[in-house]
Amino acid sequence: MKIITTILEIVMAFLHLLEGEGRILRRSVMRLGWAVAFIAMASLLFLTAAGFLLFGIYLYLTSQLSPAAAALLVSLLAFVLAFVVACIAKWRTC
């Protein structure tokens with residue numbers, strides 16, 4: 001009978017441990033979810049700002065150059081910025 005009581009105590013202790021860990025896991029998942037949501041919003045705002053910046057540069061260059069040349073220069077600038085961001089991302093993850 002003592003063995004059954006010991007086994008039941010071990011099982012109960014294990015269940016209490018799982019309950020506590022479950023609360024911690026839920027809290028961590030919620031924090032991760034909010035962090036991902038805020039990073040997604042910040043990324044969207046950053047991309048919007050970058051688009052408006054490039055469009056502003058394009059409008060300025062169309063007053064100085066032909067629209068085709070202005071589009072070419074702005075797209076070249078966009079490719080350079082994308083390359084720099086990709087290099088930074090690779091550098092930070094390695």
Side-chain angles (χ1 to χ4, degrees):
M1 200 62 157
K2 183 165 173 77
I3 295 174
I4 294 174
T5 306
T6 306
I7 291 174
L8 287 175
E9 287 176 0
I10 292 173
V11 168
M12 289 299 292
F14 181 70
L15 290 175
H16 284 297
L17 177 68
L18 282 180
E19 180 184 357
E21 292 296 322
R23 277 188 251 131
I24 293 171
L25 178 65
R26 181 176 180 263
R27 191 176 310 132
S28 297
V29 167
M30 288 297 291
R31 284 184 183 172
L32 178 65
W34 280 110
V36 167
F38 282 122
I39 288 173
M41 287 189 313
S43 299
L44 183 64
L45 288 173
F46 178 78
L47 288 174
T48 303
F52 276 116
L53 176 69
L54 290 173
F55 184 65
I57 292 170
Y58 170 74
L59 289 178
Y60 174 75
L61 287 176
T62 54
S63 67
Q64 307 295 322
L65 305 168
S66 70
L72 183 65
L73 287 175
V74 170
S75 65
L76 181 65
L77 177 64
F79 280 128
V80 168
L81 287 175
F83 180 74
V84 167
V85 170
C87 287
I88 290 171
K90 184 177 183 213
W91 173 68
R92 294 289 294 176
T93 57
C94 290

Item to check | Shared hydrophobic cluster, Leu77 / Val85 (ILVMFWY, side-chain heavy atoms < 4.5 Å) | outcome: no
Residues passing the side chain to side chain contact (heavy atoms under 4.5 Å, CB included) test with Phe79, sequence neighbours excluded, are none
Sorted by chain and number, sequence neighbours left out, side chain to side chain contact (heavy atoms under 4.5 Å, CB included) with Tyr58 holds for Phe55, Thr62, Pro67, Ala70, Ala71, Val74
For Ser28, the side chain to side chain contact (heavy atoms under 4.5 Å, CB included) test, sequence neighbours excluded, returns Ile24
Under a side-chain separation threshold of 4.5 Å, the hydrophobic residues clustered together with Leu32 are Val36
Same hydrophobic cluster for Val80 and Ile57, using side-chain heavy-atom links shorter than 4.5 Å among ILVMFWY? no
If you look only at distance, which donor and acceptor atoms sit under 3.5 Å apart when one is on a side chain in residues 39-47 and the other is two or more places apart or in another chain?
from	atom 1	to	atom 2	distance (Å)
Ser43	OG	Ile39	O	2.8

Going by chain and number, the hydrophobic cluster around Leu72 (ILVMFWY, side chain to side chain under 4.5 Å) further includes none
Between the CG atom in Leu53 and the CG atom in Leu81, the distance rounded to the nearest 0.5 Å is 8.0 Å
